[in-house]
Protein chains: 2
Amino acid sequence: MANERLDLVFSTLSDATRRAVVERLVGGPASVTELAAPHDMALPTFMRHLKVLETAGLVRSVKKGRVRTCHIEAAPLMEVQGWLAWQRQVWEQRLDRLDALALSLEKDME
Amino acid sequence: MANERLDLVFSTLSDATRRAVVERLVGGPASVTELAAPHDMALPTFMRHLKVLETAGLVRSVKKGRVRTCHIEAAPLMEVQGWLAWQRQVWEQRLDRLDALALSLEKDME
DNA sequence: TTAACACTTAGCATAATCACTAAGTATCTA
DNA sequence: TAGATACTTAGTGATTATGCTAAGTGTTAA
């Protein structure tokens, strides 16, 4: 199960600055300057984070004149959610089996 | 919104080997040797991955005799799921507003 | 009581990540 | 058209991550 996309998306989301950009962009598109404003770092450094987000497919952008406008791409987030949902399902199934086992053991003691 | 726990959990899950360990452990506990078997790497290297998982709180382990048994801890996964669910909610609310806007524009054209 | 087993520690090499500054390009405004 | 604006590129340094081998510790089985 070598899913390189998941590697990329998880590692991209492991940085607080990049998660903050996602949190901002789910609310609607924004320019690079707008996105960078709340972050106390040099612009090239911030642009690097944006590039990481784009490489992971989490953000798309278009440049019009001198302004680059960024928007979120939901699909990769859904992929992560899917993986988590799968783990949760397997985990809960196991707990159910353990419950069933405990119940049957109780029954045996009657 | 500086959530260091999320940093840690996301970066931990950004590695395919570590995700594979999680996928194995949601099905039930296992020893280090068992966990390492499918992975083509030196044992100390694999142990390092396990340590990363433990540091992130995703895995707990107990040693009995010479065998260390590992099990999953679900809470950090839930935290990630929570963050994703939040983004999804904001995103869908925005889409709903856009839909409503489109509808009202259509109405205006009648 | 030896030998195998299951880790565990230590140390090292390579590569990736994250920050910076300095300087450059393209676009818009006055 | 001069200057401000909005990125963009290039280059540097520090830190962290991921892999390895070699050697060590404690436990169990023969």
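A, B, ... follow the sequence lines: proteins, then strands. Residue 1 opens every chain.
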Per side chain to side chain contact (heavy atoms under 4.5 Å, CB included), B:Leu53 is matched among B:Asp15, B:Ile72, B:Val22 by B:Val22

Could you walk me through whether A:Lys51 and A:Met47 pass the side chain to side chain contact (heavy atoms under 4.5 Å, CB included) test, one step at a time?
CA-CA 6 Å; A:Lys51 191 170 184 181; A:Met47 293 289 297; over 6 Å; no

Give the rounded distance in Å between these two atoms: CZ of A:Arg66 and P of C:dT27.
11 Å

Base, sugar-phosphate, or nothing for B:Thr33, non-hydrogen atoms under 4.0 angstrom?
sugar-phosphate

Once you round it to whole Å, what is the distance between C1' of D:dT18 and CG of B:Leu53?
14 Å

Nearest to the side chain of B:Pro44, which nucleotide is it out of C:dA10, C:dC18, D:dC7?
C:dA10

Rounded to whole Å, please give me the gap between CG in A:Leu8 and P in C:dT17.
9 Å

Among D:dC7, D:dT21, D:dT18, the nucleotide that comes nearest once only the side chain of A:Lys63 is considered:
D:dC7

How bent is the helix from C:dT1-D:dA30 to C:dA30-D:dT1, comparing axes over its five end pairs at each side, to the nearest 10°?
20°

Spacing of B:Arg48 atom CZ relative to C:dA10 atom C1', expressed in whole Å
11 Å

Within the 4.5 Å heavy-atom criterion, are B:Val21 and B:Phe46 side-chain neighbours or not?
yes

B:Gln87 pairs by side chain to side chain contact (heavy atoms under 4.5 Å, CB included) with which of A:Arg19, A:Glu23, A:Gln81?
A:Glu23

Go through C:dC20, D:dT8, C:dC7 for me and flag the one nearest to the B:Met47 side chain.
C:dC7

In this structure, how many angstroms lie between the P atom of C:dA6 and the CG atom of B:Leu35, rounded?
13 Å

Among C:dA19, D:dT18, D:dT8, the one nearest B:Arg18 by side-chain distance:
D:dT18

Is there side-chain contact between B:Leu35 and B:Leu25, with heavy atoms separated by less than 4.5 Å?
yes

Verify the distance criterion only: is there a donor paired with an acceptor across the side chains of A:Arg68 and A:Ser61 at less than 3.5 Å?
yes

Measure the distance from NE2 on A:His49 to C1' on D:dC7 and round it to the nearest whole Å.
17 Å

Do B:Arg68 and C:dC7 have a side chain to base donor-acceptor pair shorter than 3.5 Å?
no

From CD of A:Glu34 across to P of D:dA6 the rounded distance in Å is 10 Å

Atom-pair distance (CE on B:Met41; P on D:dA17), nearest Å
16 Å

Counting only side-chain heavy atoms from C-beta out, which of D:dT8, D:dC20, C:dA6 sits nearest to B:Thr45?
D:dC20

With the 4.5 Å side-chain cut-off for hydrophobic clustering, are B:Leu8 and A:Phe10 part of the same group?
no

